[in-house]
Amino acid sequence: MTEPTVQLYSQVCLNRNFPNYQLKQGDIARLIDTVPGPDGIEDGYVLEIFNALGESLNTVIVPKSAVSPLNSSHILSVRSLAST
């Protein structure tokens, strides 16, 4: 199975939770770079996370398989960023 093509600087959707970053499946981020994985580890994406007002909150690195490109069947929603 091939990974969907994700363009640099495009918005992407997380397809799994990342509790250490307070991110949940379905959250939207912007792809800002790619990083090679160490030997035997999956390559990654550097994502910038924004709040609903467009203010940058964080930059994180996740595996490439953890994101999908947005498409017309997706619908946006809002949730509060829970503190841990």
Side-chain angles (χ1 to χ4, degrees):
M1 185 170 140
T2 60
E3 294 177 11
T5 302
V6 181
Q7 299 295 320
L8 196 59
Y9 305 116
S10 66
Q11 287 186 320
V12 295
C13 176
L14 291 175
N15 57 34
R16 67 178 86 151
N17 295 336
F18 289 93
N20 53 323
Y21 296 133
Q22 299 179 5
L23 298 175
K24 294 186 177 185
Q25 181 176 347
D27 285 351
I28 306 297
R30 183 162 311 273
L31 171 62
I32 58 172
D33 205 356
T34 59
V35 291
D39 292 335
I41 304 291
E42 180 180 1
D43 290 347
Y45 285 142
V46 179
L47 305 178
E48 188 166 7
I49 310 301
F50 296 90
N51 67 15
L53 301 178
E55 300 162 336
S56 181
L57 298 176
N58 200 0
T59 304
V60 301
I61 298 174
V62 301
K64 282 186 171 186
S65 64
V67 301
S68 301
L70 293 182
N71 65 56
S72 61
S73 70
H74 290 138
I75 187 165
L76 302 178
S77 65
V78 175
R79 69 173 182 86
S80 293
L81 183 64
S83 59
T84 54

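None of the values given here were measured: they were computed from a predicted structure.
More than 12 heavy atoms of other shown residues, nucleotides or ligands fall within 6.0 angstrom of atom CG in Leu53.
With a 4.5 Å cut-off on side-chain heavy atoms, Val62 and Val60 count as touching. Looking at heavy atoms from C-beta onward, Ile49 lies in side-chain contact with Leu23 at the 4.5 angstrom threshold.
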Trace of the side-chain contact (heavy atoms from CB on, under 4.5 Å) decision for Val67 with Leu31
CA-CA 9 Å; Val67 301; Leu31 171 62; over 6 Å; no
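To the nearest 0.5 Å, atom CG of residue Leu8 and atom OH of residue Tyr45 are 9.5 Å apart. Taken from CG in Asn58 to CG in Asn51, the straight-line distance is 12.0 Å, to the nearest 0.5 Å. One distance of note links CZ of Arg30 with OG of Ser10; it measures 7.5 Å at 0.5 Å rounding. For the atom pair NZ of Lys64 and CD of Glu42, the computed distance is 8.5 Å after rounding to the nearest 0.5 Å.
Side-chain contact annotation: Thr59 with Glu48, donor-acceptor N/O pair under 3.5 Å absent.
Side-chain atoms of Asn17 do not come within 3.5 Å of backbone N or O of Pro19 as any donor-acceptor pair. The backbone N or O of Ser65 sits less than 3.5 Å from a side-chain atom of Asn15, completing a donor-acceptor pair. Judged purely by atom type and a 3.5 angstrom limit, Arg16 has no side-chain atom pairing as donor or acceptor with the backbone of Gln25.
Residues Ile61 and Ile32 fall within the same hydrophobic cluster, defined by Ile, Leu, Val, Met, Phe, Trp and Tyr side chains chained together at heavy-atom separations under 4.5 Å.
Smallest separation of non-hydrogen atoms from Asp43 and Gly37: OD1-N, 2.8 Å.
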